[in-house]
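Model, not experiment: these values are computed from the prediction. A note on names: the letters A, B, ... follow the listed sequences, proteins ahead of strands, and every chain is numbered from 1. These values consider heavy atoms only, across backbone and side chains, with no hydrogens, waters or symmetry-generated copies.
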Number of protein chains: 2
Amino acid sequence: MKNTIHVERAIRRITQADLAAAVGVSRQTINALEAAKYVPSVVLAMKIANYFEKPVEAIFELGEED
Amino acid sequence: MKNTIHVERAIRRITQADLAAAVGVSRQTINALEAAKYVPSVVLAMKIANYFEKPVEAIFELGEED
DNA sequence: CTTAAATGTAAAGTTTGTTTTACATTTGAA
DNA sequence: TTCAAATGTAAAACAAACTTTACATTTAAG
């Protein structure tokens, strides 16, 4: 599981804390997601995708591990 | 969080056990998902969406609760 | 250079996803 | 109607998501 949260965030010049607040999780959760430390729930993934106005698949990608 | 797994499965006349095997989870997990007993990980959601050859958003929908 | 904001990280704890086993009920085909 | 396959459900156990607190490091603006 890979994701482009870091990139999307950089494009919009948004802070981890801002995104966290926008989607209703802690800043550490966003930080851990960017570091690919774990896989989010679909709900969180969809909230993040919605926030960036992109489909889930544009931000999250299945890897070999999965 | 709502989903149309039951419908997609009915269309393809696929069994819960078949889908479970195809995406690598237990049959009970599929059953519980159809009953909306819990929210899957994005990985599982994407595997299911891939299996049905549809985008995640076509199968999973955020609800008020989320 | 200094300082504040942003980021990385870590440990402990809570909650929730997922598995396993097991059994009861429904459904559909013979 | 009968029997097997499919589904519903439930409890215990385990794994993984997510929170909170707390601190160290990096980055950027003044």
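- Of the possible polar contacts, one joining the A/K47 side chain to the B/D66 backbone as a donor-acceptor pair under 3.5 Å is found.
- The two residues A/E57 and B/E57 make their nearest non-hydrogen contact at OE1-OE1, 3.6 Å.
- B/R27 places its CZ atom 13 Å from the C1' atom of C/dT26, with the value rounded to the nearest Å.
- Of the residues in residues 8-26 of chain B, those placing a heavy atom less than 4.0 Å from an atom of DNA chain D are B/R9, B/T15, B/Q16, in numerical order.
- Separating the NE2 atom of A/H6 from the C1' atom of C/dG8 is a distance of 12 Å, rounded to the nearest angstrom.
- Contact between the side-chain N/O atoms of A/N31 and the OP1/OP2 oxygens of C/dG8 is found at a separation under 4.0 Å.
- Judged by distance alone, with hydrogens and angles left aside, the side-chain atoms of A/R12 form no donor-acceptor pair with the main-chain N or O of A/V7 at under 3.5 Å.
- A donor-acceptor pair under 3.5 Å links the side-chain atoms of A/N3 to the main chain of A/L33, judged by distance alone.
- Annotation: salt bridge (Lys or Arg N to Asp or Glu O under 4.0 Å) contacts involving residues 16-39 of chain A, sequence neighbours excluded, comprise A/R9-A/E34.
- A distance-only check finds no donor-acceptor pair linking the side chain of B/Q16 to the backbone of B/Q28 [under 3.5 Å].
- Listed by residue number, A/Y38, A/V39, A/P40, A/S41, A/L44 are the residues of residues 33-59 of chain A with a heavy-atom contact under 4.0 Å to DNA chain D.
- The distance between atom CD of A/Q28 and atom P of C/dG8, rounded to the nearest whole Å, is 11 Å.
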